[in-house]
2 protein chains.
Amino acid sequence: MWHEVEPRCVHELDDTDLEILELLGEDARRPYSEIADQVGMSGPGVSDRVDRLREAGVIERFTVDLDRSQIRGGSPVLVQVSDGGESVERLQEDLSSADAVEHVFVTAAGDLTFIARPPEGSVREWLDDRLDLGTVTVDVTLLDEVNWTPSIGGTAFALACAECGNTVDSEGEQETIDGDRYHFCCSSCRSQFVERHDRIAEEA
Amino acid sequence: MWHEVEPRCVHELDDTDLEILELLGEDARRPYSEIADQVGMSGPGVSDRVDRLREAGVIERFTVDLDRSQIRGGSPVLVQVSDGGESVERLQEDLSSADAVEHVFVTAAGDLTFIARPPEGSVREWLDDRLDLGTVTVDVTLLDEVNWTPSIGGTAFALACAECGNTVDSEGEQETIDGDRYHFCCSSCRSQFVERHDRIAEEA
DNA sequence: CCTGAAAAATTACGTGA
DNA sequence: TCACGTAATTTTTCAGG
């Protein structure tokens with residue numbers, strides 16, 4: 001039994017959660033005790049939070065960021081598929097399970113774009129094997145660099161300003177409107193947001 | 001007691017390395033002792049290999065795969081920038097450090113494509129802030145799904161078939177041609193590869 | 001959520017092939 | 001060079017509060 005702690009909804013991330021996520025983004029094998037020091041908690045406390053974040057689905061998995069060019073020789077290509085009335089879901093599934101595919105994006109219009117490293121020298125064959133180039137049109141672009149930015153600059157996971165989307169740091173401000181708490185990076189964003197909110201409320 | 005170990009260059013990944021990477025891709029916080037059991041090594045042995053893989057740059061970092069939609073509300077967009085003679089490097093750097101940007105791709109032609117989650121309702125503003133829409137032309141596509149596949153199906157890091165690029169599992173076959181060792185996922189890929197190789201050799 | 005003890009993992013180091 | 005075994009250290013897990 002511990003002192004009353006107001007139950008924290010798993011869907012609301014507080015600043016500590018964000019800090020933990022950022023630290024894990026930098027090095028997922030960092031000991032929880034080290035994280036605990038930085039966020040001012042105990043090791044078990046951090047462990048509990050991480051468990052909750054996993055269960056809530058915020059953390060999908062701990063993984064490793066590899067230099068794939070050292071594993072799979074091919075150059076990365078960006079492929080845009082203009083759907084020929086095919087089943088997008090099946091295609092997406094096929095692609096996701098194909099080894100050379102690194103990212104799959106589905107557009108709101110139902111088209112597919114993906115990043116892959118097909119085997120060198122037989123890119124066309126490789127594409128044809130999974131796309132049937134006779135029925136769909138593809139646009140293939142050779143890439144020079146593929147960059148994933150989980151936390152570059154150490155701020156990627158920080159709270160987002162409700163107005164401009166930028167990072168909310170310690171200089172930030174908060175405001176509770178209609179029971180919802182919003183974060184802002186600066187006072188001008190806050191006033192702009194509040195102003196628009198009031199205007200909309202007035203019109204309604 | 002073990003059999004003679006031939007010296008292994010750090011730039012050549014053997015099957016054990018690949019297996020370790022795959023296991024780490026599934027769960028980067030998995031204990032090394034557990035990995036050791038699966039690959040038939042001791043805990044310290046796995047630790048040594050991982051250290052070497054990090055130093056070699058194959059492992060760039062241990063990190064966490066997050067459900068970003070739970071952290072940063074905006075919908076993901078794919079933005080293709082048709083370069084207006086601008087400095088690609090600077091733009092790329094700016095974008096990489098922007099909080100809402102998740103991936104940046106540089107094409108061989110020097111164009112930029114990136115995935116981001118700009119603040120809802122002010123996508124155009126957000127874009128203009130970092131791209132100067134007056135001088136560059138952009139193509140923005142709303143995305144429905146963003147899928148990163150470090151190891152879906154648990155086979156993404158396995159050896160690639162020299163013919164089709166797919167995973168080589170225990171059913172796979174190998175063949176040494178002209179001193180180079182090739183891996184294949186099945187006998188048909190192997191025969192097809194050998195056949196083509198012979199034909200090319202004959203023509204030369 | 002914290003403390004503190006038990007269990008488990010990681011690291012360091014010496015040795016063998 | 002690479003990997004193993006053992007021991008020292010650190011970290012995680014699991015009580016109890």
Side-chain angles (χ1 to χ4, degrees), chain A residues 1-56 58-67 70-71 157 159 181, chain B residues 1-66 157 159 181:
Chain A
M1 195 67 86
W2 56 88
H3 247 74
E4 46 258 65
V5 177
E6 50 198 343
R8 211 165 46 77
C9 172
V10 282
H11 289 111
E12 281 179 25
L13 307 179
D14 65 17
D15 293 12
T16 306
D17 287 322
L18 261 7
E19 231 175 308
I20 291 172
L21 290 177
E22 182 185 327
L23 259 8
L24 286 173
E26 286 171 10
D27 179 5
R29 276 193 90 89
R30 206 193 299 261
Y32 289 161
S33 48
E34 185 189 317
I35 297 174
D37 285 344
Q38 299 218 24
V39 303
M41 282 181 72
S42 68
V46 172
S47 179
D48 286 349
R49 289 226 183 195
V50 172
D51 286 346
R52 254 175 287 150
L53 288 168
R54 293 192 81 156
E55 276 171 36
V58 175
I59 293 177
E60 302 200 329
R61 86 230 287 184
F62 295 112
T63 188
V64 61
D65 189 14
L66 299 176
D67 181 353
Q70 292 198 40
I71 297 169
F157 299 148
L159 277 171
R181 190 138 190 90
Chain B
M1 190 92 60
W2 58 91
H3 254 72
E4 46 257 64
V5 182
E6 51 203 338
R8 208 165 47 77
C9 169
V10 283
H11 290 111
E12 281 178 26
L13 307 179
D14 65 16
D15 294 12
T16 307
D17 287 322
L18 260 8
E19 230 175 308
I20 291 173
L21 290 177
E22 180 184 327
L23 259 8
L24 286 173
E26 286 170 12
D27 179 5
R29 279 193 87 91
R30 203 192 300 259
Y32 290 161
S33 48
E34 185 189 316
I35 297 175
D37 285 344
Q38 299 219 23
V39 302
M41 281 181 72
S42 68
V46 173
S47 178
D48 286 348
R49 289 225 183 198
V50 172
D51 286 347
R52 255 175 283 144
L53 289 168
R54 293 192 82 156
E55 275 170 37
V58 176
I59 293 178
E60 304 200 328
R61 85 229 287 183
F62 296 111
T63 188
V64 62
D65 188 14
L66 300 175
F157 300 146
L159 276 173
R181 191 139 189 88

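Worth saying up front: this structure is predicted, and the values here are computed from it rather than measured. Residue numbers start from 1 in every chain, and the chains themselves are labelled A, B, ... in the order their sequence lines are given, proteins ahead of strands.
Each end of the helix from C/dC1-D/dG17 to C/dA17-D/dT1 gets its own axis from five base pairs, and the two axes differ in direction by 30°, given to 10 degrees.
Here B/D14 contributes atom CG and B/E19 contributes atom CD; the two are 9.5 Å apart, rounded to the nearest 0.5 Å. The CG atom of B/D48 sits 6.0 Å away from atom CZ of B/R52, with the distance rounded to the nearest 0.5 Å. Interatomic distance, A/D15 CG to A/I20 CD1, rounded to the nearest 0.5 Å: 11.0 Å.
In this structure, the nucleotide among C/dG4, C/dA12, C/dC2 sitting nearest to the side chain of A/P44 is C/dG4. Listed nucleotides D/dT12, C/dT11, D/dT13 differ in distance to A/P31; the shortest reach to its side chain belongs to D/dT12. Taking the side chain of A/R52 as heavy atoms from C-beta on, and the options C/dC1, C/dT10, D/dC14, the nearest nucleotide is C/dC1. Of the candidate nucleotides D/dA3, D/dT13, C/dA9, C/dA9 has the atom lying nearest to any side-chain atom of B/S33.
Look at CG on A/D27: it is 12 Å from P on D/dT11, rounded to the nearest Å. Distance, B/D51 CG to C/dC13 C1': 15 Å, rounded to whole Å. Across the protein-nucleic acid pair, B/Y32 atom OH and D/dA3 atom P stand 15 Å apart, rounded to whole Å. Atoms CE (B/M41) and P (C/dA9) sit 17 Å apart, rounded to a whole Å. With rounding to whole Å, A/E34 atom CD is found 8 Å from D/dT11 atom P. Separating the CZ atom of A/R49 from the P atom of C/dC2 is a distance of 9 Å, rounded to the nearest angstrom. In this structure, CZ of B/R30 is placed 17 Å from P of D/dT12, rounded to the nearest angstrom. For the pair A/D48 CG and D/dT13 P, the computed distance is 10 Å after rounding to whole Å.
Remark: side-chain polar atoms of A/R29 are paired, donor with acceptor, to backbone N or O of B/R30 under 3.5 angstrom.
For the pair B/S47 and C/dT10, the criterion of a side-chain N or O lying under 4.0 Å from OP1 or OP2 is not met. Taking 4.0 angstrom as the limit, B/R29 places none of its side-chain polar atoms (N or O) nearer than this to OP1 or OP2 of C/dA9.
In this structure the side chain of B/L23 reaches within 4.5 angstrom of the side chain of B/V39, judged on heavy atoms. Counting only heavy atoms from C-beta outward, the side chains of A/V50 and A/L24 approach each other to under 4.5 Å.
A/R49 and A/Y32 share no side-chain donor-acceptor pair at under 3.5 Å.
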